[in-house]
Amino acid sequence: MKKNALSATPKVLFVTPEIYPLIKTGGLADVSGSLPAALRELGADVRVLVPGYPKVLAGIKNKRLLHIFHDLPETDEARLISAKLPGSGVPLFIIDCPALFQRDGNPYQDPSGTDWPDNARRFALLSRIGAILASDASPLSFRPGIVHCNDWQSGIVPALLHFAPGRKKAASVMTIHNLAFQGIFPAQTLDQVGLPPECFNMEGVEFYGNFSFLKAGLYYAGHITTVSPNYAQEIQKEPLGFGMQGLLAHRSEQLTGIVNGIDTKDWNPAADRHLVQTYDTDNMAGKAANKRALQEKMGLDPDPAIPLLGIISRITHQKGLDLLLKVAPHLLDEPVQIVLLGTGDAALEEGFRKLARAHPGKVAVLIGFDEGLSHLIEAGVDLFLMPSRFEPCGLNQMYSQRYGTPPVVHATGGLSDTVVDVNPRTLADHSATGFVFRHMTAVDLHACVRRALAAYRDHATWRSLQRNGMARDFSWEKSAADYLALYRTVLSAEC
Ligand code: ADP
């Protein structure tokens, strides 16, 4: 790398298994859809590599065939297509390989919710093409200085680059969006992905006798990031290190927490096309209209005064929804309504359906994924509940603050970094934006929601909370600048 390459704005290949608005199962899609655009606004040449699932291929226009790869370890043939991301126009490279990606279901699971049996091969292909495009074996004229990998699905890119022949290779950054997903496969899988046997040990890709795609990234990447400063600390210890804490603590000098931003155009109550009426801090009448519309749509009693609590989430143990299910019957002793949108664990889903059947008009549960309804919920509810056991960053607590809907959150990960608990001091200095509970117990969650309901009944306190949250800047501007600074540091370390 020549010195003057550093003063120029970096070229970045961003590798991701999902990207909004084409394909989304969670927060990673939101980040992939907005961070590259924010980096491009700062002048970086960022392009995104993503698998060609049916929704991706159907959602793009003006495709152009760039190259056909033959005889890769994962497949005989894969076509590389270029297109633009709808909305922001970020340049995309799409891997068109029908044998691996042209399927119903979501990117990781079949329609019944079972992981695809060939996920190692599918995401090895994503990683392999990422590694090729990041080295001098690339058939393209675009030569990135940085390859930015996201979660286990692109975790082996740094390992493939490490063992690839040739000397011109991009430096790698590995971002952990959720350390609980580690891409663990049997040891024999190593052969299929073309990594040498010598990397199968503790100082490499081996993880308790198996092969972990994520560990490959954490071990071989030039730098590691995660999506909030607090989570960056938590994952260096038990229990949130999920077995990787030793490696992460060892690499703490190359581990940075950068809090996620949100897409402030998409999530803007003053211009949101999914709302029945838009609103802003100075004119909150629209919020009441959305509450009415939401109550009607979900079959809740149309009472404007009753506090309405909302949840939009993967319905899992991580999100603490088992605890909420325990607390909900007690909460419902008071005049409150609950609306939940989500999918996930079948037993928990059934638990919430049962709760709705037991409390008609007071509890509404929609099992499914519905982007439009998620916006209406953020706008229409009074309080947002996010009792996650752990939360690398979390996005909904930021959306809800922006929508004048104070969140109730557990003090963990990015929730601690982005929500300021109400107390006399934070109310006085106008920093309070929500309600935070310390211990992951039913008693603490219940007490915190009751504290929030008491504040809701105090009009001045509530307005102040809403104003503070709506005024906060959750845009990508600062975090994208932090990533850019990090890319420059990584590039200079490579020189
Ligand atoms: P995670 O990525 O762990 O699921 P995040 O809070 O980081 O959690 O991001 C979740 C994203 O997915 C948010 O944009 C949220 O609104 C959205 N989401 C989750 N479940 C649903 C659903 N059932 N319908 C619509 N959007 C959903």
Side-chain angles (χ1 to χ4, degrees), residues 16-35 55 106-109 113 150-153 175-181 226-228 230-231 240 242 257-269 272 274 294 297-298 310-321 339-345 348-349 352-353 364-381 384-403 405 407-410 412-419 434 474 476 479:
T16 181
E18 52 182 279
I19 186 163
Y20 181 82
L22 294 173
I23 179 92
K24 167 167 166 176
T25 71
L28 172 55
D30 289 339
V31 174
S32 304
S34 46
L35 172 58
K55 280 188 180 160
N106 82 24
Y108 321 117
Q109 296 174 329
N150 293 280
D151 275 354
W152 72 263
Q153 294 87 350
T175 296
I176 305 164
H177 296 264
N178 191 335
L179 191 62
F181 301 108
T226 189
V227 290
S228 68
N230 191 33
Y231 192 60
L240 296 187
F242 288 105
I258 301 178
V259 73
N260 282 336
I262 62 171
D263 185 328
T264 49
K265 282 198 204 92
D266 229 42
W267 291 93
N268 177 7
D272 189 329
H274 299 294
L294 181 64
K297 188 180 171 86
M298 301 300 290
I311 303 108
I312 305 159
S313 183
R314 287 187 289 115
I315 302 181
T316 62
H317 183 76
Q318 179 204 330
K319 301 291 180 179
L321 295 189
V339 59
L340 176 140
L341 167 65
T343 54
D345 180 274
L348 285 175
E349 284 180 358
F352 280 105
R353 281 202 194 92
V365 169
L366 200 142
I367 302 298
F369 198 95
D370 186 333
E371 186 72 27
L373 181 59
S374 75
H375 287 243
L376 184 63
I377 291 177
E378 286 290 8
V381 302
F384 193 84
L385 305 187
M386 211 158 162
S388 307
R389 282 199 166 71
F390 67 94
E391 193 60 79
C393 179
L395 296 171
N396 275 305
Q397 82 282 8
M398 294 191 267
Y399 300 150
S400 64
Q401 288 170 74
R402 193 160 158 76
Y403 279 63
T405 305
V408 168
V409 303
H410 178 217
T412 185
L415 299 178
S416 293
D417 285 333
T418 56
V419 179
F474 291 116
W476 267 107
S479 298

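Bear in mind that the values here come from a model prediction, so they are computed numbers and not experimental data. When a ligand or atom number is given, it counts from 1 through the structure's own listing order. All values below come from the heavy atoms of this structure, side chains included, with hydrogens, waters and symmetry mates left out.
For I312, no nitrogen or oxygen atom sits less than 3.5 Å from a nitrogen or oxygen atom of ligand 1, counting backbone and side chain alike. The N/O atoms of T25, backbone and side chain alike, include none that comes under 3.5 Å of an N/O atom in ligand 1.
One option in L373, D370, N396, I377 has a heavy atom closer to atom 24 (N) of ligand 1 than any other, and that option is D370. Taking only non-hydrogen atoms, the option from F369, W267, Y20 nearest to atom 18 (N) of ligand 1 is F369. With L395, D30, L28 as candidates, the residue nearest to atom 14 (O) of ligand 1 on a non-hydrogen basis is D30.
Residue contact annotation: C393 has no non-hydrogen atom under 4.0 Å from ligand 1. Using 4.0 Å as the threshold, K24 has a heavy atom nearer than that to some atom of ligand 1. Residue G368 places a heavy atom under 4.0 Å from ligand 1.
In the vicinity of Y399, heavy-atom distances shorter than 4.0 Å reach the ligand 1 atoms 14 (O).
With hydrogens left out, the protein atom closest to atom 2 (O) of ligand 1 is G27 N, 2.6 Å, a heavy atom. Nearest non-hydrogen protein atom to atom 4 (O) of ligand 1 is R314 NE, 2.8 Å.
Here the options are L35, V227, I176, L28, the test is side-chain contact (heavy atoms from CB on, under 4.5 Å), and the partner is N150; only L28 passes.
Between F181 and W152, the ring centre distance reaches or exceeds 6.0 Å.
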